[in-house]
Amino acid sequence: MQATPFFLKVEDLLSYSMSDSNTTDFSSPSTFILLGIPGLEAAHVWISIPFFVMYTVTLLGNFTILFIVKTEPRLHEPMYYFLCMLSVTDLVLSASTVPKILSIFWFNSREIDFSLCLTQLYFIHCCIVMESGIIVAMALDRYVAICDPLRHSTTLTNRFVAKIGLAVVLRGSILALPFSFLARQWPYCRTNIISHTYCEHIAVVKLACADIRISSYYGLSVAFLVIGLDVSFITVSYIQILRAIFSLPKKDARLKTFGTCGSHLGVILVFYIPGLFSFLTHRFGHNVPPHFHILMANMYILLPSMLNPIIYGVRTKQVRDRLIWHVTHIE
């Protein structure tokens with residue numbers, strides 16, 4: 001067997017007793033083998049350092065946001081409820097992927113159960129769709145707060161916010177189901193070696209010895225439908241927001257009002273730009289090295305989850321003041 005950048009070294013394959021895995025027929029493998037970052041195996045330990053730091057910051061930042069909003073009654077408002085939803089989503093997304101990635105880097109623990117792999121795949125897509133929906137809900141909050149401030153408290157009631165949260169969860173849960181369902185249906189007879197750090201959808205289904213166009217088309221349809229609709233709604237909201245801001249008579253008032261959107265705009269950029277970049281390089285960057293594709297896919301998982309609480313912690317005065325108060329009152 002020839003060693004290539006896409007497969008394990010011969011010694012690793014032998015250690016898994018899978019030297020003939022590329023020719024063995026198995027319709028439903030019991031395990032998959034995650035390579036990590038092919039071509040950069042020697043640097044796995046070093047790559048793990050920023051990954052571990054980002055994961056630690058993600059946990060600390062998002063749990064801090066949840067704690068601050070829970071303990072500060074003044075933050076019991078729609079925007080901060082949506083922020084809590086975002087933090088929970090980020091925690092679930094990072095917890096479903098990063099521990100396994102670090103175990104690959106640190107302990108060479110490459111095996112992952114077939115069902116667990118599909119479960120991970122499900123949670124990744126569910127959380128990404130949910131996060132996009134939460135960002136749309138935040139745009140709605142900013143739109144009502146700026147364009148119709150007198151009706152903000154009567155429009156975005158706790159009951160209405162709960163309904164939005166439920167709709168976001170249901171949309172993410174339902175749209176993510178076919179990814180795992182279809183992946184489970186395919187027969188796998190080529191190999192069970194995944195050239196990735198986690199169970200990424202296309203990386204999994206391309207191992208099937210069947211026509212996977214349904215999976216591919218569904219993935220593209222969800223991406224274009226969800227992102228297209230969500231970005232369109234956000235764009236329309238901010239067009240109305242900007243019109244309302246520029247209609248204000250004083251410059252200070254315009255800057256102050258626009259400043260209330262700063263954190264949300266930061267979250268939008270952090271979520272959609274890495275995702276768009278990762279999508280474009282994956283679909284059209286055929287000359288891009290495989291390890292670059294995988295690193296970009298990992299950054300799309302890690303960066304938004306880490307930066308969201310930082311953006312809101314730094315940019316939002318209420319969150320920042322409450323955090324400083326807690327720090328200064330630690331005995």
Side-chain angles (χ1 to χ4, degrees), residues 4-8 12-13 16 18 21-39 41 92-105 108-129 172-223 226 275 278-279 281-283 285-286 288 290-302:
T4 73
F6 296 94
F7 296 93
L8 287 170
D12 291 328
L13 289 173
Y16 288 111
M18 301 211 39
S21 62
N22 286 334
T23 59
T24 302
D25 289 340
F26 50 96
S27 61
S28 182
S30 59
T31 60
F32 280 124
I33 297 173
L34 296 166
L35 290 189
I37 306 178
E41 290 90 348
V92 173
L93 178 60
S94 57
S96 64
T97 53
V98 182
K100 182 58 183 178
I101 295 172
L102 292 177
S103 73
I104 296 171
F105 291 162
N108 203 34
S109 176
R110 301 171 187 265
E111 290 190 6
I112 183 169
D113 183 77
F114 179 68
S115 297
L116 186 60
C117 181
L118 297 185
T119 302
Q120 184 188 67
L121 188 155
Y122 171 79
F123 275 107
I124 290 170
H125 286 281
C126 180
C127 289
I128 289 174
V129 174
S173 302
I174 293 171
L175 289 178
L177 272 176
F179 287 103
S180 297
F181 177 78
L182 289 172
R184 185 178 288 277
Q185 304 309 307
W186 305 130
Y188 295 87
C189 58
R190 293 196 177 98
T191 179
N192 64 342
I193 300 171
I194 301 174
S195 300
H196 217 293
T197 53
Y198 59 85
C199 293
E200 192 268 335
H201 177 236
I202 294 299
V204 172
V205 298
K206 74 178 183 181
L207 302 180
C209 53
D211 187 347
I212 61 167
R213 282 182 294 181
I214 294 177
S215 288
S216 181
Y217 291 157
Y218 181 76
L220 284 172
S221 299
V222 170
V226 171
S278 178
F279 175 80
T281 55
H282 183 76
R283 293 288 174 180
H286 303 299
V288 177
H291 63 264
F292 185 79
H293 283 296
I294 295 172
L295 284 171
M296 286 298 98
N298 280 275
M299 289 303 101
Y300 183 48
I301 296 292
L302 287 163

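Only a predicted model underlies this, so the values are computations on that prediction, with no experimental measurement involved.
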CA sep, side-chain torsions, deciding dist, call: Leu302, Val98, side chain to side chain contact (heavy atoms under 4.5 Å, CB included): CA-CA 8 Å; Leu302 287 163; Val98 182; 3.5 Å; yes

Please check if the side chain of Ser216 supplies one atom and the backbone of Ile212 the other of a donor-acceptor pair under 3.5 Å. no

Okay, side chain of Ser103, backbone of Lys100: is any donor-acceptor separation there less than 3.5 Å? yes

How long is the straight-line distance from CZ of Arg213 back to CG of Leu220, given to the nearest 0.5 Å? 13.5 Å

For the backbone of Leu118 and the side chain of Gln120, can you confirm whether one donor and one acceptor N or O come within less than 3.5 Å of each other? no

Starting at CG of Leu93, measure out to CZ of Phe123 and round the result to the nearest 0.5 Å. 11.0 Å

Using the rule given for side chain to side chain contact (heavy atoms under 4.5 Å, CB included), can you reason through Trp186 versus Val204, listing the C-alpha separation, both sets of side-chain angles and the distance that settles it, and then say yes or no? CA-CA 10 Å; Trp186 305 130; Val204 172; over 6 Å; no

Who are the disulfide (SG to SG under 2.5 Å) partners of Cys127, not counting sequence neighbours? none

Main chain of Ile33, side chain of Glu111: is a donor-acceptor contact present, judged purely on distance under 3.5 Å? no

Looking only at non-hydrogen atoms, find the nearest pair between Pro38 and Ile294 and report the distance. CD-CD1, 3.3 Å

Say you draw a straight line from NE2 of His293 to CD1 of Ile37; how long is it, rounded to the nearest 0.5 Å? 13.5 Å

Sequence-distant partners of Tyr122, side chain to side chain contact (heavy atoms under 4.5 Å, CB included), two or more places apart: Cys126, Ser173, Ala176, Leu177, Ser180

For residues Ile301 and Ser94, determine if any side-chain heavy atom of one lies less than 4.5 Å from a side-chain heavy atom of the other. no

Rounded distance (nearest 0.5 Å) linking atom SG of Cys117 with atom OH of Tyr198: 11.5 Å

Tell me, please, which residues at least two apart from Ala223 pass side chain to side chain contact (heavy atoms under 4.5 Å, CB included). none

Is there a donor-acceptor contact under 3.5 Å from the side chain of Gln185 to the main chain of Phe181? yes

What pairs with Ser221 under side chain to side chain contact (heavy atoms under 4.5 Å, CB included), at least two apart in sequence or on another chain? none

How long is the gap from CD1 on Ile194 to CG on Leu34, to the nearest 0.5 Å? 5.0 Å

Check for a donor-acceptor pair, side chain of Asn192 on one end and backbone N or O of Thr31 on the other, with a separation under 3.5 Å. yes

I would like to know whether Ile128 and Tyr300 meet side chain to side chain contact (heavy atoms under 4.5 Å, CB included); could you show each step before the answer? CA-CA 10 Å; Ile128 289 174; Tyr300 183 48; 3.6 Å; yes

Could you check Leu182 against Ile214 for side chain to side chain contact (heavy atoms under 4.5 Å, CB included), going step by step and ending with a plain yes or no? CA-CA 8 Å; Leu182 289 172; Ile214 294 177; 3.8 Å; yes

Check side chain to side chain contact (heavy atoms under 4.5 Å, CB included) between Phe179 and all other residues, then give those that pass, not counting sequence neighbours. Leu121, His125, His201, Tyr218, Val222

Of all residues at least two apart in sequence or in a different chain, which pass the side chain to side chain donor-acceptor pair (under 3.5 Å) check with Thr197? Asn298

